[in-house]
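Below you'll find the structure, written out as C-alpha cells, and then a few comments.
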Amino acid sequence: MGHLASSLRIALLAAGLVSSMGALAATPSTDFLASHLDTSVDPGVDFFQYANGTWLKAHPIPKSESSWGIGNEVDDELYTRLRTISESAAKTPTPAGSDNQKIGDFWATAMDVAKADRLGVHPLDAELARIDAIRTTGDVLDTAFALRPIGVHSLFRFGVTQDSKDSATMAVEIDQGGLGLPERDFYFNPEAGVAKIRTAYVAHIARTFELLGRDAAAAKASADKVMGFETALAQNSRKLADLRDPEKNYNKMAPTAFTANYTPSIDWTARLAAWNLKPSYVIVGQPEFFAAEDKLLRETPVPVLQDYLRYHLVDDYASYLSSAFGQEYFDFHDRVMSGQQEQRPRWKRTLDVENDAMGMVLGRIFVGQYFPAASKQRYEAMVEAIRDTFRARMERLDWMGAETKTKALAKLAAVTPKVGYPDHWKDYSALVVGRESYADNVENAERWKFQDNLSKFGKPVDRTQWDMTPQTYNAYYNPSNNEIVLPAAIFMVPGVPDAQVDDAVAYGYVAASTIGHEITHGFDDEGRQFDAKGNLSGWWTAQDTERFNAAAKKMADQFSAYEPLPGLHINGQASLGENIADYGGLLLGLEAFEKTEQFKQGKPIGGLTPTQRYFLGYALGWMTQQREERLRRGLLADVHAPAKWRVLGPMSNIPEFYEAFNVKPGQPMWRAPEDRVRIW
C-alpha cells in the first residue's frame with residue numbers, strides 16, 4: 001500500500017487486441033501458458049520455476065536492465081506508443097502552451113545530448129551559488145527550503161495530503177528523510193553486499209565533487225563527512241516496518257509546538273507562511289527524528305552541510321546535465337545499486353522523466369488512441385464481480401464478530417473503483433516548457449508539481465484525482481479515499497490476442513493479482529485501520545483486532561523465514577500488507593472464477609485444468625527475474641516481497657492449490673494445515 005500496490009503487472013493496450021474476456025476463449029493451436037512451463041520441476045517443489053521457467057530461460061536479462069520479465073515487454077509496447085506521440089509533437093508546429101508544444105519541446109530538449117554536454121553543470125549555477133554563499137546554520141535551512149520546490153529532498157519530506165483521521169481535510173504532513181541511500185538499514189546492515197554499497201556510495205559522492213572541480217583528496221574527505229552526517233540521520237530514522245504503523249506515525253500538533261518541542265532551529269510557522277500555508281496544525285510522522293536532526297544541524301560544521309546540499313542538488317539533477325554527470329549517476333544508482341551493465345537508451349529514460357513531469361498530458365492522448373470505452377466498462381464489471389465475492393466471503397467469516405463485520409461490509413460497499421483513466425483531467429496550463437535546457441524543463445515541472453500540491457491546502461478534497469497516469473503499469477489502493485485505482489495499462493497479456501486469454505488466466509492474472517489485491521489492501525494490517533470514509537479510526541472490536549493480528553503474525557513469520565540471499569531474509573513485517581493483499585486477491589479471484597462457464601465445464605486447455613490455469617495465470621503476473629543487486633536493494637528497501645515469493649508464499653496457504661497440483665507433505669510448497677494462514 002502506502003499508497004502504491006503491486007509493482008509488477010502485465011499490461012498491453014494495443015489497438016485491435018482488446019476484446020471481451022467474458023466468454024470462454026478459443027483454444028489456440030499452441031497454448032501460450034503451457035509453453036512457459038518448466039516441466040522438469042515439480043510444482044510442489046518450486047511452483048514459480050514450474051510456472052515460468054521455460055519463458056525465463058528464453059528471456060535473459062538484457063545488459064541495460066536490472067530485471068526482466070513479461071512486464072518489461074509490456075513496457076516496451078507502451079514506450080513505443082509514447083515515443084510516437086512525443087516525436088510527432090516535436091516535429092509538428094503547435095501553438096505555445098498547447099499539450100503538443102509542451103510534449104514536443106520537452107522531448108526535443110531532453111534528447112539533445114550535444115546541448116546538454118555544452119551546458120555542463122551551468123543550468124544549476126544559481127542554486128550552486130546560493131549554496132556557496134551559506135555562512136550559518138540558518139543559511140543552510142534557508143537553502144534547504146529554497147531547494148524543496150525544485151525537487152531536492154534534503155533533511156525531511158513534506159507535502160499537503162489528506163488528514164488520515166479527517167479524510168475531508170487537506171493537511172500539512174512532515175516526515176523523516178534526507179538520506180541518499182534508499183532506506184536507513186543500508187547504513188548499518190553488515191551483509192557483505194550492503195557493506196560494498198556503502199563504500200561505493202562514498203566513492204560516488206567523492207566523484208560528484210570531482211566533477212564540480214575538486215581534487216581527489218579533498219573530494220574524498222568531503223564525501224566521508226557527508227556520509228557521516230547521513231549516517232547520523234539514518235541512526236535516528238525509524239525502520240521500514242515501523243513506518244507502516246499509521247497510528248504511531250500520526251502526531252498532530254500546532255506548528256508552534258513542533259518548533260518549541262522538537263525543532264528550535266526551525267520556525268515552522270514562518271517557514272510554512274513563506275509557502276502561503278497557515279495551518280492550525282501539522283502532522284509529524286516521527287517527532288524524535290526531528291529532535292535529533294535539529295541537534296545534529298547545530299553541531300555539524302557549516303561546510304559539511306554545504307557539501308551535503310551540493311551533493312543532493314547535483315545528484316538529483318545529474319541525469320539532466322552533461323554526459324559526465326549522467327554517467328556518474330548511472331554508475332552508482334543503476335550499476336552498483338541495481339546491477340545494470342549499461343545505460344538504457346536515452347529515449348526510454350526521457351520518456352520516464354516526461355511521464356513524471358507531465359504524465360497526464362501524455363495520458364489524455366494515450367487513452368484516446370489505445371483504450372476504448374468498452375474496455376473501461378468491462379473491467380468495471382470485473383471489479384463488481386470481485387466485490388460481490390468479497391462480500392460473500394466476509395459474511396461467512398467465523399472469526400469476525402457481528403459488530404466489526406457490519407462495518408467491514410459497509411466499508412467494502414463504499415470502495416470507489418477508478419478504472420482506466422480520470423473522469424476529469426488535471427490542468428497543466430501553468431506549466432511552462434521550452435527549449436532552454438533539459439534541466440530547466442525538469443525544474444519547471446518540479447516547481448509546477450510543488451505549487452500544485454500547495455494549492456490543495458484549504459480546499460475541499462478532490463476525490464476525482466488520480467495519483468497514477470493511465471499509461472502507468474501499476475495500480476494502488478488509497479485508504480484515505482477508500483478507493484482502488486486501476487490505470488489503463490494494467491489489464492492485458494502482451495503479445496497474446498485477447499481471444500486466446502481464457503477466463504481462467506484472466507481471473508488469475510487480472511481479477512486476483514490486480515483487482516482483488518487492491519481491494520484486499522483496504523483490509524490488510526494497515527488499510528483495515530481506516531473506516532468506510534477513509535478515516536484512521538478504531539472501528540474494530542478488541543477481540544477481532546486480536547484475532548486478525550494473530551493471523552497476520554503467522555503471515556509475517558512465514559515470509560520472514562524466506563532467505564532469498566544468504567544472510568538477507570524477506571522483511572515479513574514490512575511486506576505484510578502486500579503479502580496479505582496477494583493472498584486475499586488469490587482467494588477472491590478463485591471464488592469468482594468458480595462461477596464462470598469455463599470452470600463449470602472443466603475442460604482442459606494445453607493439458608491444464610481450469611483451476612491449474614487459474615493459478616498459473618496468477619504466476620504469469622510475476623514472471624520476472626532480477627539481478628542480485630536489485631534483489632538485495634528490494635530486500636532492504638521495498639515493502640513488496642520479491643516476485644518469486646509473491647507466488648510461493650500465498651499459494652502455500654491455499655488448499656485448492658494443493659489439490660490442483662497434487663502437492664505432497666514434505667515438499668517445499670507444503671505447509672501443514674495448522675500452519676497455513678487464514679484471514680480473508
Side-chain angles (χ1 to χ4, degrees), residues 2 127 130-131 134 137-161 163-164 170-187 226-240 242-244 246 248-275 277 279 281-300 302 304-313 315-316 446-447 449-450 453-454 457 637:
E127 289 81 10
R130 179 162 193 153
I131 294 172
I134 290 173
T137 303
D139 294 340
V140 170
L141 290 167
D142 288 344
T143 302
F145 276 86
L147 293 175
R148 172 80 35 173
I150 65 168
V152 180
H153 302 291
S154 62
L155 298 180
F156 59 86
R157 291 184 293 123
F158 160 89
V160 174
T161 187
D163 186 329
S164 294
M170 298 300 292
V172 172
E173 184 171 338
I174 308 168
D175 293 290
Q176 68 184 39
L179 303 181
L181 291 173
E183 204 273 328
R184 69 158 323 267
D185 285 355
F186 277 89
Y187 293 84
V226 170
M227 182 60 166
F229 177 73
E230 288 194 9
T231 302
L233 288 181
Q235 184 67 57
N236 291 285
S237 299
R238 289 188 189 173
K239 294 185 177 181
L240 186 63
D242 295 331
L243 294 173
R244 296 197 65 257
K248 290 182 179 178
N249 291 280
Y250 183 97
N251 301 278
K252 183 176 177 179
M253 62 190 76
T256 51
F258 187 23
T259 296
N261 297 329
Y262 299 103
T263 62
S265 300
I266 304 176
D267 182 343
W268 284 101
T269 300
R271 293 290 181 185
L272 295 174
W275 289 337
L277 297 175
Y281 68 91
V282 294
I283 298 168
V284 182
Q286 306 77 29
E288 77 284 358
F289 168 83
F290 287 94
E293 183 176 59
D294 191 275
K295 184 172 183 288
L296 189 62
L297 285 170
R298 287 182 272 113
E299 294 175 350
T300 302
V302 167
V304 176
L305 298 175
Q306 284 177 288
D307 280 338
Y308 167 78
L309 292 176
R310 279 190 192 97
Y311 165 69
H312 281 279
L313 167 65
D315 194 63
D316 283 346
E446 290 292 340
R447 289 190 189 279
K449 286 189 289 184
F450 187 78
N453 182 245
L454 294 185
F457 185 76

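With salt bridges taken as basic N to acidic carboxylate O contacts below 4.0 Å, one links Lys449 and Glu446. The pair Asp307-Arg310 meets the salt-bridge criterion, since a charged nitrogen lies less than 4.0 angstrom from a carboxylate oxygen.
Ile134 CD1 to Leu305 CG: the interatomic distance, rounded to the nearest 0.5 Å, is 8.0 Å. Atom OG1 of Thr231 sits about 8.0 Å away from atom CG of Leu181, to the nearest 0.5 Å. A distance of 10.0 Å separates CD in Glu230 from OG in Ser154, rounded to the nearest 0.5 Å. One finds the NZ atom of Lys252 at 4.5 Å from the OH atom of Tyr281 (value rounded to the nearest 0.5 Å). Atom CG of Leu454 and atom CG of Leu272 lie 9.5 Å apart (nearest 0.5 Å). Here the CG-NE2 distance, from Asp316 to His153, works out to 7.0 Å after rounding to the nearest 0.5 Å.
In this structure, Phe158 and Phe450 have tilted ring planes: the angle between them lies in the 30° to 60° band. Taking the six-membered ring for Trp and thresholds of 30 and 60 degrees, Tyr308 and Phe229 have ring planes more than 60 degrees apart, a perpendicular arrangement.
The side-chain heavy atoms of Thr259 and Thr269, taken from C-beta on, include no pair separated by under 4.5 Å. The shortest side-chain heavy-atom distance between Asp139 and Thr137 does not fall under the 4.5 Å cut-off. Contact annotation: the side chain of Leu240 never approaches that of Asp185 to less than 4.5 Å [non-hydrogen atoms, C-beta and beyond]. Side-chain contact between Asp142 and Arg271: present, with at least one pair of heavy atoms (C-beta onward) separated by less than 4.5 Å. When side chains are defined from C-beta on, Leu147 does not count as touching Arg130, because their heavy atoms never get closer than 4.5 Å. At least one side-chain heavy atom of Val282 sits less than 4.5 Å from a side-chain heavy atom of Pro255. Leu233 places a side-chain heavy atom less than 4.5 Å from the side chain of Glu293. Between Pro149 and Trp275 there is a side-chain heavy-atom pair separated by less than 4.5 Å.
Here the side chain of Asp294 pairs a donor or acceptor atom with the backbone of Ser265 at under 3.5 angstrom. No donor-acceptor distance shorter than 3.5 angstrom exists from the side chain of Asp163 to the backbone of Ala171, with no hydrogens or angles considered.
Here the two rings, on Tyr262 and Phe289, have centers that are 6.0 Å apart or farther. Checked against the 6.0 Å centroid criterion, the rings of Phe145 and Trp268 qualify as a close aromatic pair.
Side-chain contact check for Gln286 and Asn249: at least one donor-acceptor pair (N or O, by modelled atom type) lies under 3.5 Å.
Taking each heavy atom of Thr300 and Leu296 in turn, the nearest pair found is OG1-O, 2.7 Å. When all heavy atoms are compared, the tightest approach of Tyr187 to Gly180 is OH-N, 3.2 Å. The shortest heavy-atom contact between Ala234 and Leu179 is N-CD2, 3.7 Å. When all heavy atoms of Gly285 and Asn251 are compared, the closest pair comes out as O-ND2, 3.0 Å.
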Derivation of the salt bridge (Lys or Arg N to Asp or Glu O under 4.0 Å) call for Asp175 and Arg238: CA-CA 10 Å; Asp175 293 290; Arg238 289 188 189 173; over 6 Å; no
Evaluation steps, side chain to side chain contact (heavy atoms under 4.5 Å, CB included), between Ile131 and Val140: CA-CA 8 Å; Ile131 294 172; Val140 170; over 6 Å; no
Trace of the side chain to side chain contact (heavy atoms under 4.5 Å, CB included) decision for Glu173 with Arg157: CA-CA 8 Å; Glu173 184 171 338; Arg157 291 184 293 123; over 6 Å; no
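Screening Asp315, Thr143, Leu313 for a side chain to side chain contact (heavy atoms under 4.5 Å, CB included) involving Val152 leaves a single residue, Leu313.
Enclosure of atom NZ in Lys295 is not indicated, since only 12 or fewer non-hydrogen atoms of other residues, nucleotides or ligands lie within 6.0 angstrom.
Note that Arg148 lies in the cation-pi zone of Phe156, set by a 6.0 Å cut-off to the ring centre and a 45° limit from the axis.
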